[in-house]
*Asks:* 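Take this structure first; my questions come after.
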Amino acid sequence: MNWSLTFAPIVPLPILMVLAAFALALVILLILRRSRGALIRSAALAALLAALLNPILKEEQRESLANVAIVVLDESPSQKLAGRSEQMETIRGDLEKKFAKIPNLTIKWVTGGVPGDQTAAGTNLFTDLNAALSDTAPDRIAGVLFVTDGQVHDVPKSAGALGFDAPVHAILTGKPDEFDRRIEVIEAPRYGLVGQSRAIEIAVRQTGKATNAQSGAVSLKVRREGLPDEVVRTEIDRKIKIDMPIPHTGTNIVEIELDPTPGELTTANNRAVVAADGVRENLRVLLVSGEPHPGERTWRNLLKSDASVDLVHFTILRPPEKQDGTPINQLSLIAFPTRELFSEKINDFDLIIFDRYEHRGILQLLYYDNIARYVDQHGGALLVAAGDDYASAYSIYRTPLASVLPAAPTGRVLEMPFQAKVTPEGQKHPVTEGLPGWTSSKVADASPKPTWGRWFREAEVTPERGRTVMTGADDKPLLILDRKGKGRVALLTSDQAWLWARGYDGGGPHTDLLRRLSHWLMKEPDLEEERLIASSKGMKLTLERRSMEDKIGPVKVMGPGGDTSEVTLDPAGNNEPGVWRSTIDVKFPGLYKAETDSTTGTLTAVANAGVEDPREMSEVTATGDRMRSIADATGGGVFWTRTASSTEPTNVDVPRISMMSAAKVMAGSGWLGLKDRQAFLTRGVKLTPMFTGFAALSALLALIALAWWREGR
């Protein structure tokens, strides 16, 4: 039971205060005049005011609530070092024994700092604490204890941000004055132009006091793809720059390794891996349109929309055979610079596109031969977007260019509505794989069906080499891709891709198809049909192989220590044709190189396996500095549980725990305090008026009568 006195004034409190002031003035006046019965009159006025105040005796039935102490256990990767995990388990056992001796105390254990896909970088123990506080009332929290190495990255700047009024204590694992060295990447490139180099700025940092054996200059080993290791000498805290070449497009990796030092806490942060994407300078594309037609604008818009493409576009508006008597000096047309484009500067282009082009004497046969050599010997790219022109007597196939074209025209033009289809080979090829609108049929034994719009014209051809990735009317080849010598060739046998661009009959993925097609021709690494990909997450290495073949060989993996192993990849399944994938566990952090043979040569890929969270392992020495500000602001303390000379992680000294109710300082030498919140839950309330009804009226009349009697004597 709990008793208390409360008031429920009969009149508004301001009026009652005025009456009280008036009564006080009247009592003072009576006392100064030495009137008879002044004290009795004062008692009568006091009784009247008491009746108006309406005092009530409140009796509460309370149920005491236990105090809640929250213990956050740091399970971050740095806690796995130097026996800290064993130390934390010993601290937990000691805390459980001490908590068991304190009555009316509930303990909530919280695991924090566990890395995950959705967690931020670093050790974020206060984020985990906030999640645990969601079902705990702030007025029941007696205190929070963090068992951690002190490397916490989300410490609030003020105690008000915590959301509760209770002490925060830090019980530290590890030892004071631990020694460690690490590589700090100060500035690193994210991308670079292929064939050029970028600079990486780094410094070697040291925590703790080094002994004579640990002092002096340090050595760095720099590993670059395809180059021998380089040794660089430097000093602690000295900033140096290391050259990073960008030999190819895609991801380029440089690994920097610091030689281990005796006595340092860990070598996991002695490595830094910098990855930068290699990008090409602007790609040069030559587009030659044989005559104006609706598809010409589609090609131009597509290529001009790509910021990495420099487009040179010519349209043949006036072929040589056209003679209408117009004087040359009155023509505003630009002469086609055939000699400059197809003889002098042909090798400057990354891609040549012939769009509905017919051989009508504009180009000499020598220039077609130059184009063929440009593809075969110089690694150039050629795309022929044809229509009925390819089947005519002036077909571009009837030139020396036929030596690199993958299909011969039959002379027929198929004019009928048809929907383009992706062949089984096309479902594996990155140019046509997964094109939007290509849906699989849900009917058993039925072929996939496209949802895109129809085309109406196609030149019939006979494939001679290459891969047919799309078919059209009567299942005739629509898109053929071929590797010729060092270069690549693509033949599109219809000129009506512009119907997709206009949205006719529902449209289609013209942007995806044409952009992939042009970039595959220009050897974009992400669009290679024979490709090996390596990626890592922590100490798990994932290998992925993409191929047009039905079977692939094993992948040879070379680790950072020089050890090699062979990995057999598993098919990814029917939803990913042409893809094989496997994930393996690796023992050591570092750069792993994978190799395998393919029809296009040896495929290689590199990946860096190691720490998932670089911020977590950047500073690993135990410290009390990060937690001291919030501990001081809440009255808590920071406690070391091991001395610098201690060798056994299980030999710890945990401070004693005391419950305190009104103290502001909640920590001292060898002890920490928890706040006794004295929280309760009210189960029932009984109210008893103390000065009302007949009792108040009787007391008031008695005092008035007594005052009258006294004055009458």
Side-chain angles (χ1 to χ4, degrees), residues 282-317 319 333-334 336-338 341-342 346 348-360 362-363 371 374-375 380-392 395-397 401 405-406 420 431-432 435-436 452-459 469-470 472 478-482 487-504 507-524 527:
N282 282 2
L283 302 169
R284 300 196 66 192
V285 178
L286 173 61
L287 172 61
V288 181
S289 298
E291 61 182 18
H293 73 106
E296 177 185 6
R297 178 60 59 181
T298 300
W299 278 110
R300 182 178 179 84
N301 290 343
L302 175 72
L303 295 170
K304 292 291 287 183
S305 66
D306 194 334
S308 65
V309 171
D310 287 337
L311 177 64
V312 178
H313 184 196
F314 283 93
T315 301
I316 310 302
L317 298 176
L333 303 179
I334 299 174
F336 193 22
T338 54
L341 293 177
F342 296 105
I346 185 172
D348 293 341
F349 290 102
D350 297 286
L351 172 63
I352 297 176
I353 302 175
F354 283 109
D355 175 32
R356 281 189 59 86
Y357 181 84
E358 289 183 300
H359 172 57
R360 293 182 175 272
I362 299 174
L363 295 181
I371 298 172
Y374 154 80
V375 173
L382 173 65
L383 169 60
V384 176
D388 53 359
D389 57 282
Y390 198 71
S392 70
S395 171
I396 197 174
Y397 185 81
L401 204 58
L405 293 175
V431 171
T432 49
L435 280 175
W452 45 63
R454 294 169 295 171
W455 295 357
F456 297 90
R457 182 171 57 231
E458 176 186 352
V469 296
M470 294 184 75
L478 178 64
L479 178 59
I480 304 174
L481 307 179
D482 185 32
R488 301 183 183 188
V489 181
L491 174 62
L492 182 63
T493 61
S494 177
D495 58 353
Q496 295 194 335
W498 61 272
L499 291 173
W500 281 357
R502 299 281 181 89
Y504 174 79
H510 73 286
T511 302
D512 296 89
L513 176 62
L514 300 183
R515 179 171 285 127
R516 290 187 199 176
L517 180 59
S518 57
H519 281 274
W520 175 82
L521 288 165
M522 291 184 286
K523 302 177 182 178
E524 180 68 32
L527 292 171

*Asks:* Between Trp500 and Leu513, what is the shortest heavy-atom contact and its length?
*Replies:* CZ3-CD2, 4.0 Å
*Asks:* Is there a side-chain contact between Leu382 and Val384 in this structure, where contact means two heavy atoms from C-beta onward sitting under 4.5 Å apart?
*Replies:*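 Sidechains of Val384 and Leu382: in contact.
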*Asks:* Nearest 0.5 Å, please: how far is CG in Leu363 from CZ in Phe354?
*Replies:*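 Phe354 atom CZ to Leu363 atom CG measures 5.5 Å (nearest 0.5 Å).
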*Asks:* Taking side chain as C-beta onward, heavy atoms only, is Leu492 less than 4.5 Å from Tyr390?
*Replies:*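 No, side chains not in contact.
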*Asks:* Calculate, to the nearest 0.5 Å, the distance between atoms CG and CG belonging to Leu287 and Leu302 respectively.
*Replies:* 10.5 Å
*Asks:* How many angstroms lie between CG in Leu286 and CZ in Phe314, if you round to the nearest 0.5 Å?
*Replies:* 7.5 Å
*Asks:* With rounding to the nearest 0.5 angstrom, report the CG to CG distance, Leu351 to Leu383.
*Replies:*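 One finds 6.0 Å between CG of Leu351 and CG of Leu383.
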*Asks:* Return the minimal non-hydrogen interatomic distance between Trp455 and Ser494, and the atom names on each side.
*Replies:*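 The pair with the smallest heavy-atom distance is CE3-OG, 3.5 Å.
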*Asks:* So Arg516 and Leu435, do their side chains get closer than 4.5 Å, heavy atoms only?
*Replies:* yes
*Asks:* Just so I know, are the side chains of Met522 and Val285 near enough to count as touching, which here means a heavy-atom distance under 4.5 Å?
*Replies:*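 The answer is yes; the side chains approach within 4.5 Å.
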*Asks:* Side chain of Asp389, backbone of Gly387: donor and acceptor closer than 3.5 Å?
*Replies:* yes
*Asks:* side-chain contact (heavy atoms from CB on, under 4.5 Å) for Val288 and Thr315? Distances and angles first, verdict last.
*Replies:* CA-CA 6 Å; Val288 181; Thr315 301; over 6 Å; no
*Asks:* Do the charged groups of Asp495 and Arg457 touch, with an N to O distance under 4.0 Å?
*Replies:* yes
*Asks:* For side-chain hydrogen bond (donor to acceptor under 3.5 Å, both in side chains), just list the numbers for Arg300 and Ser289, CA-CA rounded to whole Å, side-chain angles, deciding distance to a tenth of an Å, and then say yes or no.
*Replies:* CA-CA 10 Å; Arg300 182 178 179 84; Ser289 298; over 6 Å; no
*Asks:* Answer with yes or no after comparing the ring centroid distance for Trp299 and Trp498 against a 6.0 Å cut-off, counting only values under it.
*Replies:* no
*Asks:* Counting N and O atoms only, with roles assigned by atom type, does the side chain of Arg284 sit under 3.5 Å from a partner on the main chain of Val309, one being a donor and the other an acceptor?
*Replies:*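 Not confirmed, Arg284 side chain does not pair with Val309 backbone.
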*Asks:* Let me see the working for Leu481 and Leu479 under side-chain contact (heavy atoms from CB on, under 4.5 Å), right down to the final yes or no.
*Replies:* CA-CA 7 Å; Leu481 307 179; Leu479 178 59; 4.1 Å; yes
*Asks:* With a 6.0 Å cut-off on the ring centroids, do Tyr504 and Phe456 count as close?
*Replies:* yes
*Asks:* Start with the C-alpha gap between His313 and Leu303, add the side-chain angles, then the distance that decides, and say whether side-chain contact (heavy atoms from CB on, under 4.5 Å) holds.
*Replies:* CA-CA 10 Å; His313 184 196; Leu303 295 170; over 6 Å; no
*Asks:* For the residue pair Ile480 and Met470, establish whether any side-chain heavy-atom pair is separated by less than 4.5 Å.
*Replies:* no
*Asks:* Which heavy atom of Tyr374 sits nearest a heavy atom of Asp350, and at what distance?
*Replies:* OH-C, 3.4 Å
*Asks:* If you compare all heavy atoms of Pro436 against all heavy atoms of Pro509, which two are closest, and at what distance to 0.1 Å?
*Replies:* O-CG, 3.5 Å
*Asks:* OG of Ser395 to CG of Leu405: how many Å apart, nearest 0.5 Å?
*Replies:*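 That separation rounds to 8.0 Å.
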*Asks:* If you measure from OG1 on Thr493 to CG on Leu478, what distance do you get to the nearest 0.5 Å?
*Replies:*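 Going from the OG1 atom of Thr493 to the CG atom of Leu478 covers 4.5 Å.
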*Asks:* Where do Val375 and Val489 land on the side-chain contact (heavy atoms from CB on, under 4.5 Å) test, with the steps shown first?
*Replies:* CA-CA 8 Å; Val375 173; Val489 181; 3.7 Å; yes
*Asks:* With no hydrogens and no angle check, just 3.5 Å: does a side-chain donor-acceptor pair link Thr298 and Arg502?
*Replies:* no
*Asks:* Are the side chain of Trp452 and the backbone of Ala420 linked by a donor-acceptor contact shorter than 3.5 Å?
*Replies:* yes
